[in-house]
Amino acid sequence: MKFFIDSAKLDEIDKAYRCYGIDGITTNPRHIQNSGKTFIEAITDIANWLKENKLEGMDKFPVSVEINPHLDNADDMVKEAKKISKLSPNFVIKIPCNLEGLKAAKRLEEEGIRTNVTLVFSPSQAIQAARIGAKFVSPFVGWKEANGEDAREYMEIISNIYHVKGYKTEIIGAAIRTGREIALMTELDIDIITCGLAVLEDAFIHPYTKQGLEIFCNAWDNTKGN
Ligand code: E4P
């Protein structure tokens with residue numbers, strides 16, 4: 001299973017890559033806003049970071065960049081996606097899963113521009129994303145759970161359908177908020193998870209590990225000769 005970092009902040013991206021071996025990046029307008037940069041500055045800096053780290057190429061290290069969310073017709077979406085995709089060979093274009101978005105994503109995939117169909121909240125949306133050949137589909141796990149919905153059932157249905165049908169589109173369990181959700185996505189054989197750096201780091205620690213270390217430190221200090 002691959003781990004992507006959900007961020008447009010270069011320090012977070014760099015740390016996640018060096019320390020935890022992440023496999024790609026996802027961004028959205030909220031992450032760009034949080035980076036404190038303009039859209040173009042933020043994605044250009046990511047493109048340069050990829051070059052510096054010799055990570056150019058979508059298969060090496062995909063980076064999802066979302067189109068302007070105000071766009072509401074397929075023609076404009078396609079136009080913007082083409083502009084963004086020229087900035088880096090790693091860029092996969094995030095397109096919202098509405099009717100115009102699905103039309104745009106279909107056209108982009110036919111023209112060889114890879115897409116990530118995002119804001120997916122139902123199995124039928126995920127099915128259509130696969131049918132049009134999107135590279136990635138992003139069902140939002142954390143948003144579902146925050147709404148009191150059962151993410152297990154939702155993701156299990158999508159995973160089963162994709163396996164039965166042999167769809168090539170890779171599923172990104174998106175907006176992951178906890179280690180428990182990471183484990184659930186792994187159990188359900190989801191291809192990728194994406195989450196923020198804080199979620200990732202929180203998932204890698206446990207209070208019992210800290211407690212155990214205190215016990216061992218105490219033993220070490222009380223060992224004869226230490
Ligand atoms: C991923 O592709 C999405 O942009 C992301 O997971 C949305 O989550 P957020 O609520 O953390 O912004």
Side-chain angles (χ1 to χ4, degrees), residues 4-8 24-51 56-144 154 158 161-162 165-175 191-192 194:
F4 287 0
I5 178 125
D6 213 7
S7 176
I25 303 168
T26 49
T27 67
N28 67 28
R30 202 149 71 171
H31 300 141
I32 302 282
Q33 181 199 6
N34 292 340
S35 75
K37 300 174 185 170
T38 66
F39 174 75
I40 286 296
E41 278 167 2
I43 65 170
T44 305
D45 284 355
I46 293 175
N48 289 335
W49 178 86
L50 293 164
K51 271 190 217 159
E56 280 177 294
M58 192 173 297
D59 293 333
K60 248 189 204 167
F61 205 84
V63 177
S64 291
V65 178
E66 194 152 347
I67 55 166
N68 177 343
H70 290 289
L71 298 177
D72 60 2
N73 72 81
D75 288 341
D76 291 344
M77 290 176 179
V78 168
K79 215 160 107 191
E80 166 131 324
K82 284 183 176 172
K83 246 198 278 172
I84 297 170
S85 75
K86 284 199 180 83
L87 298 175
S88 167
N90 298 57
F91 287 175
V92 180
I93 312 301
K94 272 176 121 177
I95 305 280
C97 193
N98 53 25
L99 296 182
E100 289 301 307
L102 287 166
K103 259 159 64 180
K106 180 172 181 293
R107 273 167 48 192
L108 288 164
E109 288 290 346
E110 283 163 0
E111 293 185 36
I113 294 170
R114 301 316 310 263
T115 61
N116 175 350
V117 174
T118 189
L119 287 165
V120 166
F121 293 96
S122 74
S124 53
Q125 286 181 306
I127 291 168
Q128 184 58 7
R131 290 187 62 258
I132 60 171
K135 178 160 179 64
F136 299 113
V137 62
S138 292
F140 278 29
V141 175
W143 290 24
K144 278 268 192 190
Y154 165 57
I158 295 175
I161 293 169
Y162 269 50
K165 302 305 284 181
Y167 290 146
K168 299 269 184 299
T169 299
E170 291 176 71
I171 306 170
I172 303 179
D191 304 292
I192 301 154
T194 190

### Message
Checking E56 now: which residues fulfil side-chain hydrogen bond (donor to acceptor under 3.5 Å, both in side chains) with it, not counting sequence neighbours?
### Response
none

[X] vs [Y] side-chain heavy atoms within contact, under 4.5 Å:
X	Y	answer
F4	S64	no
I25	S7	no
I171	I158	yes

Looking only at non-hydrogen atoms, find the nearest pair between [X] and [Y] and report the distance.
X	Y	answer
G101	N98	N-OD1, 2.7 Å
I95	A81	CD1-CB, 4.5 Å
S35	A42	OG-CB, 3.9 Å
Y154	V120	OH-O, 2.6 Å
V117	A105	CG2-CB, 4.2 Å

### Task
Scan V65, L87, N90, T27 and name whichever one has a side-chain contact (heavy atoms from CB on, under 4.5 Å) with I46.
T27

### Task
Run through N68, N73, D75 and flag the one making a side-chain contact (heavy atoms from CB on, under 4.5 Å) with L71.
N68

#### Entry: Salt-bridge contact E100-K103 (side-chain N to carboxylate O under 4.0 Å)
yes

### Query
Under 6.0 Å from the NZ atom of K106, do we count more than 12 heavy atoms belonging to anything else shown?
no

### Query
Strictly by modelled atom types, are R131 and Q128 linked by a side-chain donor-acceptor pair under 3.5 Å?
yes

Would you give the length of the straight line joining atom [atom1] of [X] to atom [atom2] of [Y], rounded to the nearest 0.5 angstrom?
X	Y	atom1	atom2	value
S122	K144	OG	NZ	7.0 Å
E66	I84	CD	CD1	9.0 Å
S85	E80	OG	CD	11.0 Å
M77	I93	CE	CD1	13.0 Å
I67	K79	CD1	NZ	13.0 Å
L108	K135	CG	NZ	15.0 Å

### Message
Which residues pass the salt bridge (charged side-chain N to carboxylate O under 4.0 Å, His left out) test with D191, not counting sequence neighbours?
### Response
none

### Whether F61 and W49 hold their rings parallel, tilted or perpendicular, with breakpoints at 30° and 60°
tilted

Any donor-acceptor pair under 3.5 Å from [X] side chain to [Y] backbone:
X	Y	result
K168	G133	no
T169	A134	yes
E109	I132	no

#### Entry: Identified side chain to side chain donor-acceptor pair (under 3.5 Å) partner of S138 from the options T118, T26, N116, N28
N116

### Task
Only counting residues at least two apart or in another chain, list the ones meeting side chain to side chain contact (heavy atoms under 4.5 Å, CB included) with K165.
I161, Y167

